[in-house]
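Have a look at the structure below before the remarks.
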Amino acid sequence: MTAGGQAEGAGADPASARLPSRVAKLLSALFYGTCSFLLVLINKALLTTYRFPSPIVLGVGQMAVTIMILYVSKLNKIIHFPDFDKKIPTKLFPLPLLYVGNHISGLASTSKLSSDLAFNLEGYIFVFLNDIFTAANGVYTKQKMDPKELGKYGVLFYNACFMIIPTLIISVSTGDLRQATEFNQWKNVLFIIQFLLSCFLGFLLMYSTVLCSYYNSALTTAVVGAIKNVSVAYIGMLVGGDYIFSVLNFVGLNICMAGGLRYSFLTLGSQLKPKQPVDEENISQDLKLARQGFNVVLISRTLEKLQAIAAEIELTIGSTVKIIQADFAKDDIYDYIKEKLKGLEIGILVNNVGMLPNLLPSHFLNTPADIQSLIHCNITSVVKMTQLILKHMESRQKGLILNISSGVALFPWPLYSTYSASKAFVCTFSKALQAEYKEKGIIIQVLTPYAISTPMTKYLSTNMITKTADEFVKESLNYVTIGDETCGCLTHEILAVILSLIPMWAFYSSVFQKMLLTRYTDYLKKNANIR
């Protein structure tokens, strides 16, 4: 259980804690949308009007210009990013693959689709792939451009460096490079100007994508890109002269456009609405200041662990840490906690205590008999701590509450019945509270992660699905303002979608329960610290 309060002097140096303003968020989104729109128009002229044969070679040109501009700027000390070392590929992966996929699918979709919107299966497949790559690229770009790591310019530069050679090899092996070099328009000055303009706009698009992801959410970047795609088609319908009218095309296009505009209206409205002081910007500010100077209150059962964590925070970050020893498996602790919190202004509450009665799957009657402790720890703690803190947040019209539930709360899990039910309460409780208090400037979000390697899970071996606590926390902070419920990381979101496709009758069958009892038990014993 953690809570954040403002440190003495947290605002003493405004310059060091300066955060993106609403204007910066809006301008970065407009810059990205404008660059993307202009690049599509230029690429459309090159790939359809001039019939330039190779989208891949055009992508190589854009990467080359990006490398050249950033490298020259670094040499002249206009910008800064880290010099190459052997750790950079690991830090960057899988962003280069998503980057080149986004690049090539976008160019290919532009070349395959015409403004008459006639059905082209290959073209629409590329559009679908481009939407996927755009969304994934936005999410990972948001993660990778930490100034302590590569920074904005480092992400751009090394992305282009790592992928230009493989992309060039692909163009040679497919014959695209030969077709491009034999193209008959290389003596046409107007074509060359537009080709170079496309390369430069490609650099601006990559830079604007990074800026939009930095100042906004990855979702905003993806939606702006989607609005751009629909806008291009809409303009082509009105001024292109070759639009073939179809009721289905017309209705579908307008539905897409209305959805994009509706999202934009809601997003901008939430940023500019004066009665809603806790928006995405303020929450980002709270989280960043918590790392840079907010005081922290830690509440847990074991005093030695509390003291060790407090010492580490104070030593490495410099924040003041208050510790409160309390056992959340009991229900007589809250008057004591209330007294200890008196006078503190809590801006962020994280309800993260939990009890898993059985890591190995087992029937209800075979689980530990102390059900009351589980209820106090998993349910009562969330209700009581929220009750203590929320009233002060309501009076200030500002605050953030993160309640940690579990992926097993999304539907009843056989052989984990009590834990699944207790976490389902947290999920339902949190979403109901968000509906009640969102208009009062308070964000209440529930996280429903799957496997995380912690003492409760006996330090389960990490992999693509199972995250370390540090990995999960770092990624989950990207989703704080995206909805009232999130799994907290991309792989867990994908896992939740896959599990939702399993019919309930199969999930609750004896076959599934037997599998949990045997194969999953064997897996846990092999990968967790279970004796």
Side-chain angles (χ1 to χ4, degrees), residues 1-12 17 277-278 282-283 285-355 372-373 375-404 425-426 429-430 432-434 436-446 473 480:
M1 186 78 63
T2 60
Q6 192 166 6
E8 299 175 8
V278 178
N282 288 333
I283 290 303
Q285 184 177 20
D286 286 342
L287 293 171
K288 290 182 180 180
L289 289 178
R291 296 171 181 168
Q292 298 176 7
F294 261 46
N295 289 335
V296 178
V297 180
L298 300 174
I299 310 174
S300 187
R301 179 180 58 183
T302 309
L303 181 60
E304 292 78 10
K305 289 184 178 179
L306 285 171
Q307 291 171 336
I309 295 171
E312 182 179 356
I313 292 175
E314 290 178 340
L315 181 64
T316 58
I317 300 177
S319 297
T320 300
V321 181
K322 182 181 180 67
I323 60 176
I324 301 174
Q325 184 182 14
D327 186 354
F328 285 101
K330 301 176 181 179
D331 66 346
D332 58 353
I333 60 174
Y334 296 98
D335 287 339
Y336 172 74
I337 292 175
K338 181 179 179 180
E339 183 65 27
K340 290 292 185 180
L341 293 177
K342 188 175 292 184
L344 297 180
E345 184 176 312
I346 305 299
I348 303 170
L349 170 66
V350 181
N351 285 311
N352 192 31
V353 293
M355 178 184 292
Q372 198 61 52
S373 292
I375 292 173
H376 286 324
C377 190
N378 291 7
I379 297 177
T380 307
S381 66
V382 176
V383 176
K384 289 287 192 179
M385 289 303 301
T386 301
Q387 189 177 40
L388 283 177
I389 304 302
L390 183 58
K391 61 179 68 176
H392 301 292
M393 291 182 172
E394 182 184 23
S395 65
R396 297 194 305 269
Q397 296 282 290
K398 181 177 182 180
L400 166 66
I401 298 176
L402 296 178
N403 292 329
I404 312 301
F425 172 87
V426 175
F429 176 69
S430 302
L433 282 185
Q434 176 64 95
E436 292 179 23
Y437 287 94
K438 63 182 178 181
E439 294 299 326
K440 298 183 179 181
I442 301 167
I443 288 182
I444 302 170
Q445 186 184 70
V446 60
V473 169
V480 166

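Residue numbers start at 1 and run along the sequence shown.
What you find for Leu344 and Lys322 is that their closest heavy atoms are CD1-CD, 3.9 Å. Between Ile333 and Asp327, the shortest heavy-atom contact is CD1-O, 3.5 Å. In terms of heavy-atom proximity, Gln434 sits nearest to Ile444 at OE1-N, 2.8 Å. Contact record, Asn378 with Met355: OD1-N, 2.7 Å, taken as the closest heavy-atom pair. Residues Ser381 and Val353 share a closest heavy-atom pair of OG-CG2, 3.3 Å.
With contacts defined as side-chain heavy-atom distances shorter than 4.5 Å, the pair Gln387/Tyr334 does not qualify. Side-chain contact between Ile323 and Gln307 is present, with heavy atoms from C-beta onward closer than 4.5 Å. The shortest side-chain heavy-atom distance between Phe429 and Val446 does not fall under the 4.5 Å cut-off. Counting heavy atoms from C-beta on, the side chains of Ile299 and Lys340 never come closer than 4.5 Å. Here the side chains of Ile337 and Lys384 are not in contact, with every heavy-atom distance at 4.5 Å or above.
A distance of 6.5 Å separates CG of Leu433 from OG1 of Thr386, quoted to the nearest 0.5 Å. Taken from CD in Gln325 to CD in Glu304, the straight-line distance is 7.5 Å, to the nearest 0.5 Å. Summarising the geometry, atom CD1 belonging to Ile389 is positioned 5.0 Å from atom CG belonging to Leu341; distances are rounded to the nearest 0.5 Å. Atom-to-atom distance recorded for Asn351:CG and Asn403:CG is 4.5 Å, nearest 0.5 angstrom. In this structure, the separation between NZ on Lys330 and SG on Cys377 is 12.5 Å, given to the nearest 0.5 Å. A distance of 8.5 Å separates CG in Asp332 from NE2 in His376, rounded to the nearest 0.5 Å.
Between Glu339 and Lys342 a salt bridge is recorded (basic side-chain N to carboxylate O distance below 4.0 Å).
Looking only at distances, a side-chain donor or acceptor of Ser395 sits under 3.5 Å from a matching main-chain atom of His392. Formation of a donor-acceptor pair under 3.5 Å by the Glu439 side chain with backbone atoms of Glu436 is not found in this model.
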